[in-house]
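Here is the structure we will look at, set down as structure tokens.
A note on names: the letters A, B, ... follow the listed sequences, proteins ahead of strands, and every chain is numbered from 1.
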There are 2 protein chains.
Amino acid sequence: MAGTATAQQIEAGATGYDAFALNCPSRRLIDTLGDKWVSLVVVALGIRGPLRYSELAAQIEGVSQKMLTQTLRGLERDGLVTRTVTPTVPLRVDYELTDLGRSLLVVLGHLKEWAELHMGAVDAARASYDATNAS
Amino acid sequence: MAGTATAQQIEAGATGYDAFALNCPSRRLIDTLGDKWVSLVVVALGIRGPLRYSELAAQIEGVSQKMLTQTLRGLERDGLVTRTVTPTVPLRVDYELTDLGRSLLVVLGHLKEWAELHMGAVDAARASYDATNAS
DNA sequence: CGGGATCCCCCGCGATACTG
DNA sequence: CAGTATCGCGGGGGATCCCG
């Protein structure tokens, strides 16, 4: 039944949130996903299942220790991933998506779908724009 | 219909994009939406229809001239909004979503839906996390 | 009215070194 | 192996001034 999303669907929430309020849920979600590494970690854990810290680091190319740890702490705090420490020697820490985190994959799937459908058009628009505005 | 999004749906794109590549469509879309003002401008134009520059500025509280202009230029470049100049005195400039821009509202609707369904759980998780990790 | 140009500050992030 | 602590810089973004 989700044919076209109208302005009303965007505007009228059941809870009446103001999309322009700084702490409205939508804003906060966008801020979270906007963080460069969040979606990568979520997708990695979604695709490959539970992963150790070093496996995540190896998989997500270019991420620094600091940012990976920081991102994971944030996700854990938000209830999107679980952190399991196995106190063997050497230490072992596994990260896994929670149900909540897994539900985020649905949203990321929608993003991915739009991107693959329309980013070509965006590229074309850019090329056209850059061409006419020859700087 | 799409019941649950699986890892396969996320992983396997028709075009075989690598979600971890820097310039894959999904990443670029997330980067775009991650920009603080982009979604606000898109939603504002989506809800209220065409708006003048000053109307946008009034509506999106806290945005500076620089960032509003910069955001609008980017959206115009990406083919998401049109910029129409009416050379009267004083000058009048109207911004409006393109069809492509309007299709982005669908995605933002999905984001909003997830946020309103689950951000409560995120808040609860945070409170719990902060309580146990009494710093 | 709708911007462009400039200055400047802040802090996010990477690199490095160290610890349980 | 899985982090924490510290330093340093680069650039994103606000404030301000000016122009068509």
Side-chain angles (χ1 to χ4, degrees), chain A residues 20 22 27-28 30-41 44-45 48 50-78 81-96 129-130 132-135, chain B residues 20 22 27-28 30-41 44-45 48 50-78 81-96 129-130 132-135:
Chain A
F20 300 111
L22 286 170
R27 271 297 294 274
R28 290 173 48 213
I30 290 175
D31 286 348
T32 300
L33 291 181
D35 263 291
K36 190 176 178 182
W37 305 109
V38 166
S39 58
L40 292 181
V41 169
L45 290 176
R48 316 286 171 100
L51 290 174
R52 304 183 57 176
Y53 180 87
S54 52
E55 292 172 330
L56 274 170
Q59 203 134 123
I60 303 176
E61 197 174 357
V63 70
S64 64
Q65 284 188 1
K66 181 178 178 179
M67 290 316 294
L68 182 54
T69 299
Q70 186 173 303
T71 301
L72 287 167
R73 288 287 178 282
L75 292 175
E76 188 195 0
R77 179 167 182 258
D78 288 350
V81 306
T82 57
R83 178 171 180 269
T84 309
V85 181
T86 310
T88 55
V89 177
L91 197 61
R92 177 194 179 97
V93 181
D94 286 274
Y95 292 93
E96 185 176 8
Y129 183 94
D130 292 346
T132 53
N133 302 40
S135 60
Chain B
F20 300 111
L22 286 170
R27 271 298 294 274
R28 291 173 47 214
I30 290 174
D31 287 348
T32 299
L33 292 181
D35 264 290
K36 191 176 180 184
W37 305 110
V38 167
S39 58
L40 292 181
V41 169
L45 291 176
R48 317 286 170 102
L51 290 175
R52 303 183 59 175
Y53 181 87
S54 53
E55 292 171 332
L56 275 169
Q59 204 134 121
I60 304 175
E61 198 175 357
V63 69
S64 64
Q65 287 185 1
K66 180 180 178 180
M67 290 316 295
L68 181 54
T69 300
Q70 186 173 304
T71 301
L72 287 168
R73 287 289 176 280
L75 292 175
E76 187 194 0
R77 178 168 182 255
D78 288 351
V81 306
T82 56
R83 179 171 181 270
T84 309
V85 181
T86 310
T88 54
V89 177
L91 198 58
R92 176 193 179 98
V93 180
D94 285 274
Y95 292 93
E96 184 174 10
Y129 183 94
D130 292 346
T132 54
N133 300 44
S135 59

### Task
Would you kindly give the NZ-to-P distance between K36(A) and dC13(C), to the nearest whole Å?
9 Å
### Query
For the residue pair L56(B) and A44(B), what are the closest heavy atoms and their distance?
CD2-CB, 4.1 Å
### Task
In whole angstrom, give the distance that lies between atom CD of Q70(A) and atom P of dC13(C).
7 Å
### Message
For D94(B), give me all partners under side-chain hydrogen bond (donor to acceptor under 3.5 Å, both in side chains), at least two apart in sequence or on another chain.
### Response
R92(B)
### Task
Check the pair Q59(B), L40(B) against side-chain contact (heavy atoms from CB on, under 4.5 Å), reporting the backbone distance first and the verdict last.
CA-CA 9 Å; Q59(B) 204 134 121; L40(B) 292 181; over 6 Å; no
### Query
Can you pull the contact range of chain B along DNA chain D, 5' to 3', using atoms under 4.0 angstrom from its heavy atoms?
dG13(D) to dA15(D)
### Summary
Contacts of R77(B) meeting side-chain hydrogen bond (donor to acceptor under 3.5 Å, both in side chains) (sequence neighbours excluded), chain-then-number -> D130(A)
### Query
In degrees rounded to 10°, what angle is found between the helical axes fit to the five outermost pairs at each end of the helix from dC1(C)-dG20(D) to dG20(C)-dC1(D)?
50°
### Separation of atom CG in L56(B) from atom P in dC1(C), rounded to whole Å
15 Å
### Query
Once you round it to whole Å, what is the distance between P of dC13(C) and NZ of K66(A)?
9 Å
### Task
Please report the shortest heavy-atom distance between Y129(B) and R73(A), naming the atom on each side.
OH-CD, 3.8 Å
### Query
Would you call L33(B) and L33(A) a side-chain contact if the rule is heavy atoms closer than 4.5 Å?
no
### Message
Run D35(A) and T71(A) through side-chain contact (heavy atoms from CB on, under 4.5 Å) and show every step you take.
### Response
CA-CA 8 Å; D35(A) 263 291; T71(A) 301; over 6 Å; no
### Task
Find which nucleotide of DNA chain C each of G62(A) and L91(A) is nearest to by heavy atoms, and output the residue with the more 5' nucleotide.
G62(A)
### Message
Expressed as a whole number of angstroms, how long is the span from M67(A):CE to dG12(C):P?
### Response
9 Å
### Query
Partners of V85(A) by side chain to side chain contact (heavy atoms under 4.5 Å, CB included), sequence neighbours excluded?
R83(A), L91(A), V93(A)
### Message
In whole Å, I'd like the distance from the CG atom of L72(B) to the P atom of dG4(C).
### Response
10 Å
Show me the donor-acceptor pairs within less than 3.5 Å that the side chains of residues 62-70 of chain A make with the rest of the protein, sequence neighbours left out.
residue, atom, partner, partner atom, Å
S64(A), OG, M67(A), N, 3.3
T69(A), OG1, Y53(A), OH, 3.1
T69(A), OG1, Q65(A), O, 3.0

### Query
Between atom CD in Q65(A) and atom P in dA17(C), what is the gap in whole Å?
13 Å
